[in-house]
Amino acid sequence: MNTTETNTIKKPKMGSPVGVGGYVSTRNSCKLCAPLGASLVFKGIEGCVPLLHGSQGCATYIRRYMISHFKEPVDIASSNFSEESTIYGGSRNFITGIDNIIKQYKPTVIGIASTCLSETIGEDIPGHIRHYQEANEGNGKTLPTFIHASTPSYAGSHAEGFHNTVLATIKTLAEYEKAGSHVTILPGMVSPADLRYLKELLSDFGIKFTLFPDYSETLDNEYTAEYQLIPTGGTPIHEIQRIGNSKAVIEFGSMFNKTALRSKDKGTIQTAGEWLESTHYIKNHQMPLPIGIAATDRFIAALKDITGLELPEYHRKERGRLVDSYVDGHKYIFGKKALLYGEIDLVEALAEWCREIGIEPYYIKSTDFETLRAEANNIKPDFLLGNSKGYYIARERGIPLVRVGFPIHDRVGANRMHHIGYRGTQELFDRVVNTLLEYKQEHSPIGFKYM
Amino acid sequence: MANLIEDLKLDEFKEEVLKAYPKKVARKRAKSIVVNDPDAIPVIQANVRTIPGIITQRGCTYAGCKGVVLGPTRDIVNLTHGPIGCGFYSWLTRRNQTRPATADAPNYMTYCFSTDMQDSNIVFGGEEKLKQAIREAHELFHPKGIAIFSTCPVGLIGDDVHRVARHMKEEFPDCNIFGFSCEGYRGVSQSAGHHIANNGLYKNLIGRNDNYKRKYKYAVNVLGEYNIGGDAFVIEELFDKIGVDLIATMSGNSTLEQFESAHTADFSLVMCHRSINYVAEMLETSFGIPWAKANFIGAEATAKTLRKVGEYFGDQELIDRIEKVIEEEMVPVKAAAEKARKKTEGKTAMLFVGGSRAHHYQELFSELGMETLTAGYEFGHRDDYEGRRVIPTIQVDADSRNIEEITVHPDPTRFKPRKTEEELKQLKEAFDIEFNEYKGLMHDMKKGTLAIDDLSHYEMEKLIEMYKPDIFCAGVKEKYVVQKMGIPLKQLHNYDSGGPYAGFAGAANFYRDIEMISCSTIFKQMKAPWEREEYVEAEYVFN
Ligand code: SF4
Ligand code: SF4
């Protein structure tokens with residue numbers, strides 16, 4: 001295996017001088033925080049406004065990061081703790097916050113995620129929700145649906161936040177009735193373009209499906225003449241409810257919400273698919289993100305298995321073209337080394353794909369950019385595959401960076417970057433090959449324009 | 001032009017917008033939306049907590065301390081003590097630029113150090129981890145300074161960053177290590193963080209170097225300039241041209257040594273009053289350095305500021321040099337303005353940003369012949385709107401009481417008033433230089449315009465819907481909302497990767513950028529031709 005897994009390096013003991021190889025501090029972090037992942041999931045629910053229970057800074061920072069990536073409005077409310085709320089609790093702020101969201105947005109759902117602050121003081125958010133419902137129901141008001149996800153960042157990154165929120169939402173809403181014929185797809189943290197592709201593929205297949213979360217429209221919207229306070233799109237509540245009766249679940253990922261360091265929870269943490277399987281007896285097909293031919297074949301095979309339907313011609317041809325392009329392109333990339341980073345689900349899927357096309361992938365699980373930067377000296381990668389934040393390493397080494405994942409803050413069109421399925425792989429493949437060709441061309445003493 | 005403002009009936013906005021809020025909220029917001037009259041400036045409510053559930057532009061105390069004030073200094077290692085997000089999000093995102101003297105001179109601005117607190121640190125305390133992180137930073141870089149920034153959980157779990165700093169200073173006597181209690185919840189906005197940062201600068205850095213070597217006869221500080229888009233570079237060059245030392249810029253393109261030597265200057269020029277007025281005051285009280293409000297945004301404003309410097313020192317040679325620089329610099333600026341004005345004259349702007357930018361940029365718009373209809377700050381206080389004269393009447397609420405007020409005394413050996421009371425009075429009378437004074441944004445806005453503090457998302461949408469400005473200035477968080485409404489947005493936090501906009505060269509840049517935005521036709525194409533009402537009509541128009 002070409003994978004360097006230096007995550008086993010021993011950390012120095014507290015109080016001792018800095019040891020070789022391991023740092024206690026995080027230097028140029030490779031991960032973001034949990035409520036960001038939660039907000040992303042909430043944006044994928046129809047009619048939903050996210051609320052972060054804690055101080056306003058977190059919501060502002062998270063909004064800024066999501067807005068700069070998606071280049072779309074992203075409204076996230078905060079219950080805006082003051083020093084007083086840290087002492088007496090945040091229930092008053094919670095009530096005012098919810099009141100104001102309802103008055104301004106008239107949402108069908110309010111998705112509430114905790115922050116480090118509210119978790120540290122032990123806020124009882126389910127209790128707040130119950131009290132709010134008790135105080136406001138009955139007097140003829142229809143309240144929005146409340147969903148709560150616990151997302152302390154000291155116990156997990158944005159990826160954990162994402163998967164935990166998918167789980168929390170399904171736990172809150174899933175019905176338990178007679179099994180239907182629809183298939184549930186839990187795609188994980190993919191791009192709006194990826195989500196649109198999945199919907200197209202499944203419709204072409206003729207499969208009844210529920211895709212959750214679906215922020216393909218809410219975070220990549222068209223220009224509308226009337227400004228939409230809550231953008232259209234997202235998985236509707238009734239569809240999330242019926243996830244509980246689906247025929248089968250397909251969930252993409254490899255680590256899901258299990259990368260957290262909290263050892264006491266290891267083994268007990270379930271993914272949404274695992275939870276559905278153990279409590280609703282729905283067959284869960286867990287597989288890595290379908291990037292590459294083998295990975296996509298695996299996904300298509302599962303779909304065929306579940307439904308007995310055939311891959312539509314159009315998509316079959318996309319596969320054929322992808323194979324054809326591998327043949328044409330592989331000589332330009334074979335044996336190259338790629339340094340990968342980002343969410344582990346994405347990185348592991350990309351690594352599998354790299355091996356498929358003859359690129360040597362290198363990555364380190366749960367690391368920071370400075371460790372990667374040091375490792376790069378040994379690995380000497382030909383290019384980087386990851387988000388914008390690693391650009392400085394690429395720049396320093398004078399090698400290209402192919403941008404994938406989140407966050408992409410230095411390019412436009414992050415929401416239209418397509419990574420999965422035959423078509424997404426095709427896009428990725430062409431981008432990687434062309435980037436390496438361009439690099440070669442630019443560094444060639446001859447200005448060739450024919451290869 | 002005055003008619004334009006009258007015709008728009010901006011006063012109707014308030015009633016309209018308050019309708020959507022619950023009663024209590026409406027009552028509170030009403031006090032932050034006022035119709036201006038520069039001759040009888042009304043009271044505006046500012047620097048009060050944003051109401052939960054209302055989407056605000058504001059950030060947190062930590063952001064103001066770490067991101068804004070200390071962020072742009074290149075040779076202090078900034079270490080965030082807390083969970084990972086806060087540090088990550090404040091990782092060199094404001095486009096603050098810096099120019100180390102040599103290629104291998106220290107620059108840690110691109111580093112994002114964090115203790116990345118985990119569960120066990122929350123339960124058992126994070127001080128040991130913090131100490132270890134400081135050791136690592138020290139071992140890696142041997143920096144002159146390490147600053148520790150507290151995020152929300154830190155105060156709650158009882159970690160004492162100041163104790164840790166003291167402890168570690170004993171371990172590393174060659175390194176100035178200091179902490180900030182800038183937990184995000186402490187104040188209502190970034191502003192609290194600025195104040196905390198100012199206190200820290202004074203306590204830990206200012207006054208430690210008496211040996212600053214001047215190149216020129218006179219020396220100044222520029223306070224509250226953060227080098228977005230390279231603005232501070234432009235200002236540095238200007239001072240070099242007129243032959244005046246710029247000892248410390250706080251804190252654009254700065255170094256630790258600049259802070260340490262700031263007390264040797266003769267005069268402080270204050271750009272962003274909100275974020276740095278505390279240091280300006282402390283430099284005056286401790287060392288006798290007067291300060292005056294300055295503005296390098298706008299060509300005329302720049303000229304005025306430079307002339308102020310000449311008048312302050314009262315040196316004819318300097319004054320002549322300044323006039324010569326202004327004369328030269330103004331030639332291309334005037335040409336650029338003239339060209340741009342063909343497109344921009346008579347257009348309207350709205351500005352909602354920061355704690356001074358919403359004021360300063362009105363200069364540039366008026367140079368373009370554009371009218372500012374409404375403006376407001378994200379984290380300004382009443383004095384930034386109404387002028388410093390209202391400071392004694394500002395009510396201190398629980399949030400403000402949270403922030404340490406440090407008492408500053410004249411330095412026993414180094415307090416030396418740079419000007420006598422008499423001289424200051426003469427300068428005021430002869431040249432109208434106001435010392436230790438800021439007249440605020442409303443003083444410069446026309447009658448009938450609107451000042452709105454802490455504009456909410458909803459209010460922003462209403463403003464655009466009702467008055468359709470030609471350009472809206474805010475930050476990236478507002479950008480796509482505004483643009484989805486068909487109005488171009490100019491980012492004044494990071495300039496949409498443009499700039500610099502300060503000084504003469506910057507003004508010309510700004511004119512060009514605004515001219516370009518005004519010419520853009522994309523906003524007319526948002527509807528397909530068959531969706532446009534005039535479409536059918538247009539088909540029959542002959543030639
Ligand atoms: S406190 Fe926690 S939730 Fe808030 S920004 Fe920091 S890491 Fe994220
Ligand atoms: S946790 Fe506190 S310090 Fe960190 S971003 Fe949120 S409000 Fe700011």
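Chain letters run A, B, ... following the sequence lines, proteins first, then strands; residues in each count from 1.
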Give, as side chain, backbone, both or neither, the part of B/L140 having an atom under 4.5 angstrom from any heavy atom of chain A. side chain
Tell me whether the NZ or CZ atom of A/K389 lies within the 45° cone about the ring axis of B/F88 and under 6.0 Å from its centre. yes
Nearest 0.5 Å, what's the OG-CD distance between A/S25 and B/Q132? 8.0 Å
Proximity breakdown for A/Y105 and chain B, heavy-atom pairs closer than 4.5 Å: side chain
Under 4.5 Å to a heavy atom of chain B? For A/S55 that would be side chain
Say whether, by atom type as modelled, one donor and one acceptor occur between the side chain of B/Q118 and the main chain of A/A155 under 3.5 angstrom. no
With distance as the sole test, does A/N93 use its side chain to make a donor-acceptor pair with the main-chain N or O of B/P52 at under 3.5 Å? no
Would you call A/K71 and B/K479 a side-chain contact if the rule is heavy atoms closer than 4.5 Å? no
Could you measure the distance from the OH atom of A/Y154 to the CG atom of B/N121? Nearest 0.5 Å is fine. 11.0 Å
When heavy-atom pairs shorter than 4.5 Å are enumerated against chain B, which of A/A34, A/A77, A/G54, A/S85 gives the highest number? A/A77
Please round to the nearest 0.5 Å and tell me the distance separating atom CD of B/Q483 and atom OH of A/Y227. 12.0 Å
Any donor and acceptor pair, going by atom type alone, linking the side chain of A/R64 with main-chain N or O of B/Y89 inside 3.5 Å? yes
Looking at chain A, which one of B/S120, B/G87, B/G184, B/A63 has the largest number of heavy-atom pairs inside 4.5 Å, strictly under? B/A63
A/E119 side chain reached by B/I122 side chain, heavy atoms, under 4.5 Å: no
Between A/Q104 and B/Y21, do the side chains contain a donor N or O and an acceptor N or O under 3.5 Å apart? no
Please look at B/V476 and chain A and tell me whether the side chain, the backbone, both or neither of the residue comes under 4.5 angstrom of a heavy atom of that chain. both
Quick check on B/Q57 against chain A: is it the side chain, the backbone, both or neither that has a heavy atom closer than 4.5 Å? backbone
Show your reasoning for whether side-chain hydrogen bond (donor to acceptor under 3.5 Å, both in side chains) applies to A/Q56 and B/Y185. CA-CA 8 Å; A/Q56 95 198 348; B/Y185 58 79; over 6 Å; no
Toward chain B, the part of A/I76 with a non-hydrogen atom under 4.5 Å: backbone
Part of A/D368 within contact of chain B (heavy atom distance under 4.5 Å): neither
Using a 4.5 angstrom heavy-atom cutoff, name the option from B/E461, B/Q190, B/E478 with the most pairs to chain A. B/E461
The test is salt bridge (charged side-chain N to carboxylate O under 4.0 Å, His left out); show your working for B/E136 and A/R27 and say whether it passes. CA-CA 10 Å; B/E136 291 173 357; A/R27 304 159 307 146; 5.9 Å; no
Distance check, rounded to the nearest 0.5 Å: A/S79 atom OG versus B/I51 atom CD1? 14.0 Å
Is the shortest heavy-atom distance from the side chain of A/N100 to the side chain of B/P22 under 4.5 Å? yes
Name the option with the most non-hydrogen atom pairs under 4.5 Å to chain A; the candidates are B/C60, B/C112, B/P83, B/G85. B/C112
Identify which part of B/K477 has an atom lying under 4.5 Å from any heavy atom of chain A, answering side chain, backbone, both or neither. both
Name the region of A/E84, side chain, backbone, both or neither, that has any atom closer than 4.5 Å to a heavy atom of chain B. neither
Tell me if a side-chain donor or acceptor on A/S153 pairs with a main-chain N or O of B/I84 at a distance below 3.5 Å. no
Just verifying a value: how many Å separate B/I54 CD1 and A/K103 NZ, rounded to the nearest 0.5 Å? 11.0 Å
Residue part contacting chain B, namely of A/S78, when any heavy atom lies under 4.5 Å: backbone
Side chain, backbone, both or neither: which part of B/V188 has a non-hydrogen atom closer than 4.5 Å to chain A? backbone
For B/T151, is it the side chain, the backbone, both, or neither that has a heavy atom closer than 4.5 Å to a heavy atom of chain A? neither
Looking only at A/L229, A/N28, A/L51, A/T60, the option with the highest number of non-hydrogen pairs under 4.5 Å against chain B is A/N28
I'd like to verify something: which residue of A/L32, A/T120, A/T96 has the highest number of heavy-atom pairs under 4.5 Å with chain B? A/L32
Check whether any side-chain heavy atom of A/R63 lies under 4.5 Å from a side-chain heavy atom of B/I55, and answer yes or no. yes
Which atoms of B/A398 come close to chain A, meaning under 4.5 Å heavy atom to heavy atom: side chain ones, backbone ones, both, or neither? neither
B/G53 versus A/I101, closest heavy-atom pair with distance: O-CG1, 4.0 Å
Is there side-chain contact between A/Y61 and B/Y62, with at least one heavy-atom pair below 4.5 Å? yes
Between A/T26 and B/F113, is there a side-chain heavy-atom distance shorter than 4.5 Å? no
Part of A/F70 lying under 4.5 Å from any heavy atom of chain B: neither
How far apart are the C-alpha atoms of A/F369 and B/Y111, what are their side-chain angles, what is the distance that settles it, and do they pass the side-chain contact (heavy atoms from CB on, under 4.5 Å) test? CA-CA 10 Å; A/F369 280 116; B/Y111 259 77; over 6 Å; no
